[in-house]
Participant: 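The structure under discussion is supplied below as structure tokens; questions concerning it will follow.
Residue numbers count from 1 along this sequence.
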Amino acid sequence: MAFYEDYKALTKDVDSLDFSGSSVPCKLLITGNTAFPVLVTPRKDVLIAASCYGKGKMVVVAHENYLNMKEFMVFLNNSVAWLKPNPKAEIGVDSSLTLLAETLPRSGCQVQTSSGLTEGLGVFCTSGYDEDQAQKIISFVREGGGLLIGAQAWHWSYSNKQNVLHNFPGNKITSVSGVYFTNHYGEKGTFSMTENIPCTPLYTDFDFSEDLKHLLNGVSQLDISGHSLPSDLLIYGALAFPITVADNKECFLGAAHYGKGRVVVASHDSYMYKPELKTFILNTISWLDTGKRNKIGIHNDLENLAKMLEKEGILCTISSFSPELSVYCCPWYTEAEECSIHQFVAEGGGLFIGGQSWNWASKNSGLNVVADFPGNKILNKFGISILDWSTPQGNYKAVNPDEATNQYRFPKALSQLQNELKSEHELKPPFSTWMFKLRRDITYFMRLPASPIISTIQDQFIKMMQTCELPKLNGENCVNSCSKEALILSLAHETCSVNQECNKKNIMEKEPAVTIEIDATNPGYDAWRSTGLYLAPKKTAVLVFPASAVWQGLQVQVGCHSDDLGSKDKFYRAPIVVRKISVHSEKISVSCFWGGLIYIIVKEKSNLGTIPVQVYGAEPAPIYIKGKTSIVSWLQSIRDLPPPWAELITENIILTVPSDRIRSLNDPEELLGFWDKMMVAITELAAKPAKFPRPERIVADVQISAGWMHAGYPVMVHLASVKYLTNLKCMQKEGLWGPIHELGHNQQQKVWEFPPHTTEATCNLWSVFVHETVVGVSRDKANSALEPESRAACIAAYLKTGPKLENWNVWTALETYLQLQEGFGWKPFKQLFKVYQSMSGISNENKFKMNLWAEKFSEAVQINLVPFFEAWGWPIEEATRSKLSVLPVWEKDPMKSYLSAMKT
């Protein structure tokens with residue numbers, strides 16, 4: 001909003017500006033996050049830009065002659081007024097700008113004409129060809145002065161075969177604020193001013209081959225193998241570039257020019273001193289130092305880097321940040337020095353910074369990594385963000401600098417995206433090979449903090465996607481994940497960006513309000529609290545929270561289908577259909593392209609009590625809560641409500657299914673009563689309290705991320721399984737092995753699990769227990785694999801090969817536990833699961849855990865089970881054997897008959 005007001009002040013009473021005369025402007029490049037275009041031509045050339053730096057401001061014009069032309073005087077008066085630090089500030093005007101010096105006093109300005117910057121000025125108006133006072137002018141602006149400057153660099157470039165962005169005199173001043181003069185001709189003509197800030201063009205045509213040649217000199221491989229897991233980098237700045245990429249275009253080393261300085265980012269701080277990367281590290285220090293050969297500052301957490309440089313004869317010191325350094329090397333967590341580092345780099349310093357964000361993100365799930373991660377608060381200004389997505393370790397071939405223009409770079413890919421979507425042809429290399437990375441990068445880019453440049457590019461993306469026709473999927477049709485249709489499907493979600501501003505006041509005035517009570521006390525893991533409301537696709541809802549709930553880890557979530565399908569070969573729905581917003585203010589607006597049920601996520605260990613939340617813009621969904629919802633209301637209205645998703649809620653479980661599957665459900669109370677019994681049975685076998693810390697959830701979806709069903713929160717199932725969740729007769733007749741199997745997964749504990757052997761085995765103990773004690777279906781009827789003949793064949797096949805523990809898994813492993821259960825009942829299992837909850841210091845090594853289980857189960861039943869477990873190939877140790885030898889052996893050991901049969 002502040003930038004909008006600035007733009008209005010600069011363009012007041014200016015309808016158009018005439019650039020059609022003899023002067024030929026140059027294009028301006030805008031990169032800074034406080035810079036914005038004031039005039040952009042139809043050809044997308046920026047001819048006027050404004051920006052802030054430190055406490056001051058700049059207005060930059062694409063030719064100095066425009067500062068002295070009658071047609072521009074209204075605009076220039078506006079500019080000087082905007083640049084003034086105070087109404088009485090004195091204006092310094094270069095002696096060559098006679099018309100400007102004559103005009104400004106008519107608007108009440110006190111003008112001083114001189115050939116350079118003098119003391120006491122509030123605004124300085126000059127051309128950009130003299131660099132003698134560059135640092136003095138920068139300091140003037142930084143401390144609150146205003147600068148009006150005009151120049152063009154195309155003529156200078158003819159006689160100076162140097163890099164214009166870094167060496168043109170004007171750029172040694174304006175670049176600190178993120179505005180550059182370029183050597184490209186700007187469009188001529190008379191151009192109208194727009195009502196709002198014009199869109200910033202996407203810059204894609206920069207050549208970083210010389211930078212890469214320096215950074216990768218003598219480097220053929222970049223070895224990031226080992227224990228350190230790097231993050232992926234989002235490289236989005238116009239002057240930022242990837243140094244090298246992994247197999248799927250993930251970037252783990254990036255660099256950028258920023259102002260007069262340079263930055264190199266490693267996506268793990270250990271790569272800043274990794275011996276295998278020494279040549280690259282030395283090149284980095286050299287590139288950042290730009291020939292100054294001054295002292296290198298090293299943060300005290302990077303002592304290994306200091307040792308490496310000292311061995312190479314490079315002068316460095318362990319120190320905190322100082323502006324007197326030529327290069328500063330630090331980890332990402334130097335957030336306290338954020339402003340000082342930005343100024344340091346802008347005015348010519350070199351920054352070598354490293355860190356990963358996936359670990360931070362795992363501990364701060366309610367925050368936006370690109371905006372809230374401390375390292376990104378430093379890096380975002382440079383056009384680079386560290387993502388919470390990891391990059392695979394490995395030994396990667398270094399990029400050939402001469403071929404770097406062909407590699408993936410986000411601005412280039414985003415620019416090309418529009419042409420690809422308009423084309424009638426299918427995607428082709430290299431664009432087709434960029435899709436996975438581009439989809440992910442756009443997702444993160446749309447979450448970047450707002451700035452004039454970022455916001456206009458986000459808006460352009462949204463407008464572009466709104467012109468695309470979505471593929472029509474109905475649960476049977478699908479699209480190939482590498483197709484154009486899949487790309488459109490994937491990106492459509494981002495058109496309801498988390499950065500979009502909506503008219504909260506308008507929604508609150510026009511939409512009815514619903515007040516809901518949310519249980520914000522949560523002793524368990526993060527929990528979704530159902531609101532009973534649905535948000536229609538592309539619509540916006542406003543939620544109003546009490547002040548006490550702000551910044552307490554709460555999130556608003558739209559949609560329950562949280563599986564990310566991005567890695568699937570085919571899409572039956574969009575890969576991501578859920579939107580989350582953290583509650584960082586009392587009024588939260590949220591929208592989701594696909595719509596969905598609305599939830600409030602309450603983080604673990606929250607203790608906020610019951611909080612009221614007002615919701616505007618949503619509608620009631622078919623929700624039944626056991627013991628609370630009236631059956632009459634359910635039958636007469638609730639089950640027929642139009643939203644497409646319904647929820648059936650009881651104490652320990654919540655079922656989310658398509659609404660058309662519950663339209664004929666006449667007795668949800670009986671159904672949920674049956675679920676209550678099953679869930680209590682699950683807690684009984686697990687030896688846990690009868691009420692879960694948070695209810696389990698089962699959600700039906702047209703496509704899920706893994707398997708026919710998968711465990712987790714929520715448990716995910718395909719639509720074909722809905723009848724085993726909501727049809728009581730079907731459940732009682734056929735059983736529901738799969739859902740209980742997944743709920744069993746959620747009860748497994750690593751202290752008594754032996755992965756990968758028992759991962760798909762012990763969860764089935766709950767399937768057997770629930771079916772036999774609640775559903776009334778015996779194990780052999782609940783799953784055909786447990787028919788007597790199948791079990792006997794399974795045992796014989798396993799023993800025939802050894803037995804070998806490598807073959808002990810799934811049904812074979814389950815058989816071991818079933819034999820124990822059939823011999824001793826369920827009681828020892830419940831006892832052991834209870835005992836394990838109070839045990840600590842258990843090694844995660846399978847051999848240790850298997851001996852511990854053998855010991856504890858034997859003690860629970862007072863039988864020496866060593867021969868039994870050894871018959872199954874368990875690695876029983878002599879200490880366990882000796883300890884249990886005092887107990888009687890298991891006379892009814894079922895493995896005896898199998899072993900005897902093998903001997904005969």
Participant: Checking Ser228 side chain against Ile224 main chain: does a donor-acceptor pair fall under 3.5 Å?
Facilitator: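 Judged by distance alone, no pair lies under 3.5 Å.
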Participant: Given the rule in the side chain to side chain contact (heavy atoms under 4.5 Å, CB included) test, do Leu253 and Val264 qualify, once you have shown the distances and angles that lead to the verdict?
Facilitator: CA-CA 7 Å; Leu253 295 170; Val264 171; 5.6 Å; no
Participant: Would you check, one step at a time, whether the test side chain to side chain donor-acceptor pair (under 3.5 Å) holds for Trp332 with Asp269?
Facilitator: CA-CA 8 Å; Trp332 62 258; Asp269 52 356; 5.8 Å; no
Participant: So, for Trp156 and Phe181, is the gap between ring centers shorter than 6.0 Å?
Facilitator: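 No, the ring of Trp156 stays outside the 6.0 Å limit from the ring of Phe181, centre to centre.
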Participant: Using the rule given for side chain to side chain contact (heavy atoms under 4.5 Å, CB included), can you reason through Phe436 versus Lys249, listing the C-alpha separation, both sets of side-chain angles and the distance that settles it, and then say yes or no?
Facilitator: CA-CA 8 Å; Phe436 185 77; Lys249 313 306 175 189; over 6 Å; no
Participant: Which word best sums up how the rings of Tyr258 and Phe382 line up, parallel for under 30°, tilted for 30 to 60°, or perpendicular for over 60°?
Facilitator: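 The rings of Tyr258 and Phe382 stand perpendicular, inter-plane angle above 60°.
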Participant: Pair up each side-chain donor or acceptor in residues 230-243 with any protein partner under 3.5 Å, not counting sequence neighbours, and list the distances.
Facilitator:
{"from": "Ser231", "atom 1": "OG", "to": "Ser357", "atom 2": "N", "distance (Å)": "2.9"}
{"from": "Ser231", "atom 1": "OG", "to": "Leu387", "atom 2": "O", "distance (Å)": "2.9"}
{"from": "Asp232", "atom 1": "OD1", "to": "Cys251", "atom 2": "N", "distance (Å)": "2.7"}
{"from": "Asp232", "atom 1": "OD1", "to": "Lys437", "atom 2": "NZ", "distance (Å)": "3.0"}
{"from": "Asp232", "atom 1": "OD2", "to": "Lys437", "atom 2": "NZ", "distance (Å)": "2.7"}
{"from": "Asp232", "atom 1": "OD2", "to": "Arg440", "atom 2": "NH2", "distance (Å)": "2.9"}
{"from": "Tyr236", "atom 1": "OH", "to": "Asn380", "atom 2": "O", "distance (Å)": "3.0"}
{"from": "Tyr236", "atom 1": "OH", "to": "Asn380", "atom 2": "OD1", "distance (Å)": "3.4"}

Participant: Yes or no on side chain to side chain donor-acceptor pair (under 3.5 Å) for Asp441 and Tyr408, after CA distance, side-chain angles and deciding distance?
Facilitator: CA-CA 11 Å; Asp441 280 358; Tyr408 173 85; 2.7 Å; yes
Participant: Considering residues, nucleotides and ligands other than Lys55, do more than 12 of their heavy atoms fall under 6.0 Å from its NZ?
Facilitator: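 For Lys55, atom NZ is not crowded (no more than 12 foreign heavy atoms under 6.0 Å).
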Participant: Checking Gln135 against Glu347: is there a side-chain donor and acceptor pair closer than 3.5 Å?
Facilitator: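 Yes, because at least one side-chain N or O of Glu347 sits under 3.5 Å from a partner of the opposite role on Gln135.
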Participant: Taking the side chain from Asn376 and the backbone from Val369, do they hold a donor-acceptor pair closer than 3.5 Å?
Facilitator: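 Side chain of Asn376 to backbone of Val369, a donor-acceptor pair under 3.5 Å: yes, one is there.
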Participant: Output, in order, the C-alpha distance, side-chain angles, deciding distance and verdict of side chain to side chain donor-acceptor pair (under 3.5 Å) for Asn183 and Tyr158.
Facilitator: CA-CA 9 Å; Asn183 59 335; Tyr158 291 155; over 6 Å; no
Participant: Under the rule for ring-ring contact (aromatic ring centres under 6.0 Å, His included), what residues qualify as partners of Tyr185, not counting sequence neighbours?
Facilitator: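 Only Trp154 meet the ring-ring contact (aromatic ring centres under 6.0 Å, His included) criterion with Tyr185.
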Participant: Spell out, as yes or no, whether a donor-acceptor pair under 3.5 Å connects the side chain of Asp289 to the backbone of Ile285.
Facilitator: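 No, the answer is negative, given that no donor and acceptor are paired below the 3.5 Å cut-off.
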Participant: Counting heavy atoms not belonging to Lys44, are there more than 12 under 6.0 Å from its NZ?
Facilitator: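 For Lys44, atom NZ is not crowded (no more than 12 foreign heavy atoms under 6.0 Å).
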Participant: Before giving the answer on side chain to side chain contact (heavy atoms under 4.5 Å, CB included), spell out for Tyr328 and Phe352 the whole-Å C-alpha distance, their side-chain angles and the decisive distance to 0.1 Å.
Facilitator: CA-CA 6 Å; Tyr328 184 48; Phe352 188 21; over 6 Å; no
Participant: Within a 6.0 Å radius of atom CD on Gln162, are there more than 12 heavy atoms belonging to other residues, nucleotides or ligands?
Facilitator: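 More than 12 heavy atoms, drawn from other residues, nucleotides or ligands, come within 6.0 Å of this atom.
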Participant: Applying side-chain contact (heavy atoms from CB on, under 4.5 Å) between Phe410 and each of Trp434, Phe445, Tyr444, report the one that passes.
Facilitator: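 Per the side-chain contact (heavy atoms from CB on, under 4.5 Å) rule, the option paired with Phe410 is Phe445, out of Trp434, Phe445, Tyr444.
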Participant: Atom CG of residue position Asp569 - does it have more than 12 heavy atoms of other residues, nucleotides or ligands inside 6.0 Å?
Facilitator: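 Check fails, neighbour count at 12 or below.
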Participant: Using ring-ring contact (aromatic ring centres under 6.0 Å, His included) as the criterion, list what pairs up with Trp358, not counting sequence neighbours.
Facilitator: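 Applying ring-ring contact (aromatic ring centres under 6.0 Å, His included) to Trp358 gives none.
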Participant: Under 3.5 Å, is there a donor-acceptor pair linking the side chains of Ser415 and Thr204?
Facilitator: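 Their side chains do not contain a donor-acceptor pair, so the 3.5 Å distance test is not met.
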Participant: Quiz question: by atom type and distance under 3.5 Å, do the side chains of Thr182 and His184 form a donor-acceptor pair?
Facilitator: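 Not at all, the side chains of Thr182 and His184 share no donor-acceptor pair under 3.5 Å.
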Participant: Report, one line per pair, each donor and acceptor closer than 3.5 Å where one atom sits in a side chain of residues 163-170; sequence neighbours left out.
Facilitator:
{"from": "Asn163", "atom 1": "OD1", "to": "Leu165", "atom 2": "N", "distance (Å)": "3.0"}
{"from": "Asn163", "atom 1": "OD1", "to": "His166", "atom 2": "N", "distance (Å)": "3.3"}
{"from": "His166", "atom 1": "NE2", "to": "His257", "atom 2": "ND1", "distance (Å)": "3.4"}
{"from": "Asn167", "atom 1": "ND2", "to": "Asn163", "atom 2": "O", "distance (Å)": "3.1"}

Participant: For the residue pair Asn33 / Ser451, report whether a side-chain donor-acceptor contact shorter than 3.5 Å exists.
Facilitator: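 On atom types as modelled, these side chains do not qualify, holding no pair under 3.5 Å.
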Participant: Calculate, to the nearest 0.5 Å, the distance between atoms OG and CG belonging to Ser220 and Asn395 respectively.
Facilitator: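 The distance works out to 8.5 Å.
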Participant: Could you walk me through whether Val40 and Leu47 pass side chain to side chain contact (heavy atoms under 4.5 Å, CB included), step by step?
Facilitator: CA-CA 6 Å; Val40 179; Leu47 300 186; over 6 Å; no
Participant: Run the side chain to side chain donor-acceptor pair (under 3.5 Å) check on His425 and Ser423 step by step: do they pass?
Facilitator: CA-CA 5 Å; His425 303 290; Ser423 170; 4.9 Å; no
Participant: Say whether, by atom type as modelled, one donor and one acceptor occur between the side chain of Gln460 and the main chain of Gln458 under 3.5 angstrom.
Facilitator: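 Side chain of Gln460 to backbone of Gln458, a donor-acceptor pair under 3.5 Å: no, none is there.
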Participant: Suppose the criterion is salt bridge (Lys or Arg N to Asp or Glu O under 4.0 Å): which pairs have a residue in residues 155-179, not counting sequence neighbours?
Facilitator: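 Applying salt bridge (Lys or Arg N to Asp or Glu O under 4.0 Å) to every pair that reaches into residues 155-179, excluding sequence neighbours, yields Glu131-Lys172.
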Participant: Can I get a per-line list of side-chain donor-acceptor pairs under 3.5 Å for residues 310-322, giving both atom names and the distance, sequence neighbours left out?
Facilitator:
{"from": "Glu312", "atom 1": "OE2", "to": "Lys278", "atom 2": "NZ", "distance (Å)": "3.2"}
{"from": "Ser322", "atom 1": "OG", "to": "Glu324", "atom 2": "N", "distance (Å)": "3.2"}

